[in-house]
There are 4 protein chains.
Amino acid sequence: MKKREVHASVKDEKLVSMRRNQMIKGAVNLFKEKGFHRTTTREIAKAAGFSIGTLYEYIRTKEDVLYLVCDFIYDEVKDRLQNDLEQNSGTPEALKTTIAYFFQVMDDMQDEVLVMYQEVKSLTKDALPYVLKKEMEMVHMFELVITRCVENGKLNISEKHIRLLAHNIFVQGQMWGFRRWALRKIYTLEEYIELQSDLLLGSLYGKGNLNATSLP
Amino acid sequence: MKKREVHASVKDEKLVSMRRNQMIKGAVNLFKEKGFHRTTTREIAKAAGFSIGTLYEYIRTKEDVLYLVCDFIYDEVKDRLQNDLEQNSGTPEALKTTIAYFFQVMDDMQDEVLVMYQEVKSLTKDALPYVLKKEMEMVHMFELVITRCVENGKLNISEKHIRLLAHNIFVQGQMWGFRRWALRKIYTLEEYIELQSDLLLGSLYGKGNLNATSLP
Amino acid sequence: MKKREVHASVKDEKLVSMRRNQMIKGAVNLFKEKGFHRTTTREIAKAAGFSIGTLYEYIRTKEDVLYLVCDFIYDEVKDRLQNDLEQNSGTPEALKTTIAYFFQVMDDMQDEVLVMYQEVKSLTKDALPYVLKKEMEMVHMFELVITRCVENGKLNISEKHIRLLAHNIFVQGQMWGFRRWALRKIYTLEEYIELQSDLLLGSLYGKGNLNATSLP
Amino acid sequence: MKKREVHASVKDEKLVSMRRNQMIKGAVNLFKEKGFHRTTTREIAKAAGFSIGTLYEYIRTKEDVLYLVCDFIYDEVKDRLQNDLEQNSGTPEALKTTIAYFFQVMDDMQDEVLVMYQEVKSLTKDALPYVLKKEMEMVHMFELVITRCVENGKLNISEKHIRLLAHNIFVQGQMWGFRRWALRKIYTLEEYIELQSDLLLGSLYGKGNLNATSLP
DNA sequence: AATGAATGAGTTTTCATTCAT
DNA sequence: GATGAATGAAAACTCATTCAT
């Protein structure tokens, strides 16, 4: 699936790319504060540092901004994740590291994740599949890491369990962002990583020895 | 925390309650399809079966409708959950039953859950706490069930693990609603319940024997 | 010119009269505070002590209330004035007394006068003449008193001066009501009466001796 | 007291000024015919010659239009008055000229005066003081002219009389506008000026010789 | 390529008036 | 005669989008 094209009147690709970055940066902040619907195109233009007329030289509709933002965020997350996975060795320890890394990324990109998570549903039927596709690719990455563990004989678990586990990891990562109002009161990021790893991996390795002592 | 009052011009309480139910029912459908922001008050009135003027006899602002909808859904879910938990025996089997029951409720109320999940963030700072409070109460119910297992000596697990586990259960319930686009393609509800139980409980009881054979 | 009829569904004249008095009393207060346009019929009904449905048993349109209020106020002022004038002796002293009395009435009925003064223009073309007619009748009363002075030989002044003088007296009476924001800061009612009398009568009797010493 | 700022989205000051003049011109006509409350913003926009959207580029609320109108009218009257007063010599003849001039202005600006006079009370608590301030300044101008006469020894009259006289002059000017329905039937502007001058100045100079023969 | 003034369809909300009970 | 729920036309205001400069 190719990237969905967003039409620009301006031809200079470099310029288009630059302007869109300004746009995305400004929009993320606004969406974070007021949501997509309560943000006006004028505000986006202003936050991006140019006029409303100029904004419309680089997009066709307000929705395009949302798509661009979502697309950008997913790319960012995916890129970071990919870097990590390329050197993954397929051991349970590596899986744990991957989880920790992913949660860390979600923490770093808190605002972006929150925006994306809350506003994807505002995308048109038209744009949504492109974004969901990307999400599936990321879930798939986790599946691969887990599968590698299985292939290494370190883990005995069904295909369906693998896929669900991958979804769980992904959602728990997002969860750290979208449930901060609750989780932050109880856990630090480090604790959250540790505890979720316990629960995720405990189920796989049958330790059954979860207890408070495993925490600092 | 008392319920947040939504002002009605009409005095007859019975009538208010009836009209609001019509309203909620209509609104849920619309919100599900187009989201809160893209739904107009006129559409809500029409879907509820009365005129725009009448709508405003029962609410003050469009936001009130959203609050009423969210409040109703949480109450519904909570009520159903409460019924189940009252007769919960505090054994691991009972915990599994509770999870299954909760996931079933989330499946029954799919549309409502989706709406709530996507639109809570559109509530004003004013109304949000009332809804989040309710969410926390539900999470707390799960904590209680798990704690009862621990107290029964059937389970050895830290306080912090308990709370996180409760959150996970809650989110995994919602997940069945808001990620249907992905999960439905792979699992039936029964499978989803079974697999998630495996993962959740496996971590607690150290079976470590997860495999495809445990599935039909 | 007969009184303009305001239609009532209710037949019992006594009741109609009673209900309308309640209505007028309530409405004057509301109009005073928020003006005719910003006052709703519901508020009028409530202030009158009955329901919106009942209100409409005694009037046909919101405008009727305004007309009723204006009509009532003019009648009140006119009645009071008439009482005084019947015993007027036609001397310059009597004229001064009349002025003092009129200003006193305008002070007593401050709120009503303000309302009337500000809202007459909101009457329909249809109702306005009835009210203006009444105003002219009051101006005419002043003309009569002045004319009597002339006929008594106490005063030598043209017909046109008389009529203008009458208008001036009337407007200066109203002025005490509608310019309170300015006049109250400088004068007490007594001072205002005294000073205006000086200016009005000075012109007629050629005293030319206005000075601060004539004031306490 | 600085001018109360009315916010405009458009930056070009020249344009703002031009558009607002169109707006004021259109609004005065509408307000004159139907009053502020019965005039819609769409009508104002149309009368001004642009769209409703454009109207709101130059104001924030409908009330702003009223303020702009009132402010404009007061400025206009005040400016004209100021021009006359600068060359005022402080003699009774000059005072008479000033009065004649002021009444003439009020006649020229009949419509505007009527609007202002009837609608000031519709201004918010917020804007009212700015307008009343201007009114007081105008009254003060008259005080100055009268005071100059006193200082020249041409007139012996108390401070309080001066202030009241100034108010009377101002109100009688307005009166020519807001009581035209009655006064126009009896007097031409010239007569009105002549007669009011007789009454105003007669009181000051003790001629006491008012009679019909002084009129043409 | 950039600007920002102009547009008007569309939105929420109000409120005078009616009419069944 | 009294009530108050229902109605819907109309109002103020917003904002995505266009286009002349």
Side-chain angles (χ1 to χ4, degrees), chain A residues 8-12 15-16 19 37-46 49-65, chain B residues 8-12 15-16 18-19 37-45 49-65, chain C residues 8-12 15-16 19 37-46 49-65, chain D residues 8-12 15-16 19 37-46 49-65:
Chain A
S9 305
V10 173
K11 296 299 159 201
D12 181 340
L15 193 52
V16 170
R19 291 276 183 258
H37 282 104
R38 295 198 220 273
T39 301
T40 69
T41 49
R42 279 164 129 106
E43 288 171 320
I44 295 170
K46 195 175 177 189
F50 38 71
S51 72
I52 182 66
T54 301
L55 181 72
Y56 274 86
E57 295 287 314
Y58 296 92
I59 53 159
R60 265 235 233 281
T61 70
K62 189 187 172 189
E63 262 248 335
D64 284 344
V65 181
Chain B
S9 302
V10 173
K11 297 292 165 193
D12 183 339
L15 193 54
V16 170
M18 191 182 105
R19 291 276 181 264
H37 282 106
R38 292 200 220 272
T39 302
T40 69
T41 50
R42 294 193 116 84
E43 288 170 322
I44 296 171
F50 35 70
S51 72
I52 182 67
T54 300
L55 180 72
Y56 275 89
E57 292 285 309
Y58 296 92
I59 52 157
R60 267 234 231 281
T61 69
K62 188 186 173 189
E63 253 249 334
D64 283 344
V65 181
Chain C
S9 304
V10 173
K11 295 300 159 200
D12 181 341
L15 192 54
V16 170
R19 290 275 183 260
H37 282 105
R38 296 199 219 272
T39 301
T40 69
T41 50
R42 279 164 129 107
E43 288 171 320
I44 296 171
K46 195 174 178 189
F50 38 72
S51 73
I52 182 68
T54 301
L55 182 73
Y56 273 86
E57 295 287 314
Y58 297 93
I59 52 158
R60 266 234 230 283
T61 69
K62 188 187 172 190
E63 262 248 336
D64 284 344
V65 181
Chain D
S9 302
V10 173
K11 298 291 166 197
D12 183 338
L15 193 54
V16 170
R19 291 277 181 262
H37 282 107
R38 293 199 219 273
T39 301
T40 69
T41 50
R42 292 191 118 86
E43 287 171 322
I44 295 170
K46 195 173 178 189
F50 37 71
S51 72
I52 182 67
T54 300
L55 180 72
Y56 276 88
E57 291 285 308
Y58 296 93
I59 52 160
R60 268 235 229 281
T61 68
K62 188 185 172 191
E63 252 250 337
D64 284 344
V65 181

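Hydrogens, waters and symmetry mates play no part in the numbers below; they use all other heavy atoms, side chains included. Chain letters run A, B, ... following the sequence lines, proteins first, then strands; residues in each count from 1.
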Regarding the side chain of C/L15, the nearest nucleotide among E/dT3, F/dC13, F/dA2 is F/dA2
Using a heavy-atom cut-off of under 4.0 Å over every strand shown, decide if [X] touches base, sugar-phosphate, or nothing.
| X | result |
| --- | --- |
| C/K46 | nothing |
| B/T40 | sugar-phosphate |
| B/T54 | base |
| A/R38 | nothing |
| A/S51 | base |

5'-most by nearest nucleotide on DNA chain F - A/I52 or B/L55: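 Per heavy-atom nearest nucleotide, the more 5' residue is B/L55.
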Can you tell me how the ring of A/H37 sits relative to the ring of B/H37, calling it parallel under 30°, perpendicular over 60° and tilted otherwise?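 Rings of A/H37 and B/H37: parallel, under 30°.
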Does C/Y58 make a side-chain N or O approach to OP1 or OP2 of F/dG1 shorter than 4.0 Å? no
Among D/I59, D/I52, D/V65, D/T61, which one satisfies side chain to side chain contact (heavy atoms under 4.5 Å, CB included) with D/T41?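 Result: among D/I59, D/I52, D/V65, D/T61, D/I52 is the only option passing the side chain to side chain contact (heavy atoms under 4.5 Å, CB included) with D/T41.
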Identify the nucleotide, in any strand shown, that forms a Watson-Crick or G-U wobble pair with E/dT11, with both distances under 3.5 Å; if there is none, say none. F/dA12
With both distances kept under 3.5 Å, what pairs with E/dT21, Watson-Crick or G-U wobble? F/dA2
Distance-only donor-acceptor test (3.5 Å): side chain B/R42, base E/dT13: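 Side chain to base: pair found, below 3.5 Å.
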Below 4.5 Å, heavy atoms only, C-beta onward: do B/L15 and B/Y58 meet side chain to side chain? yes
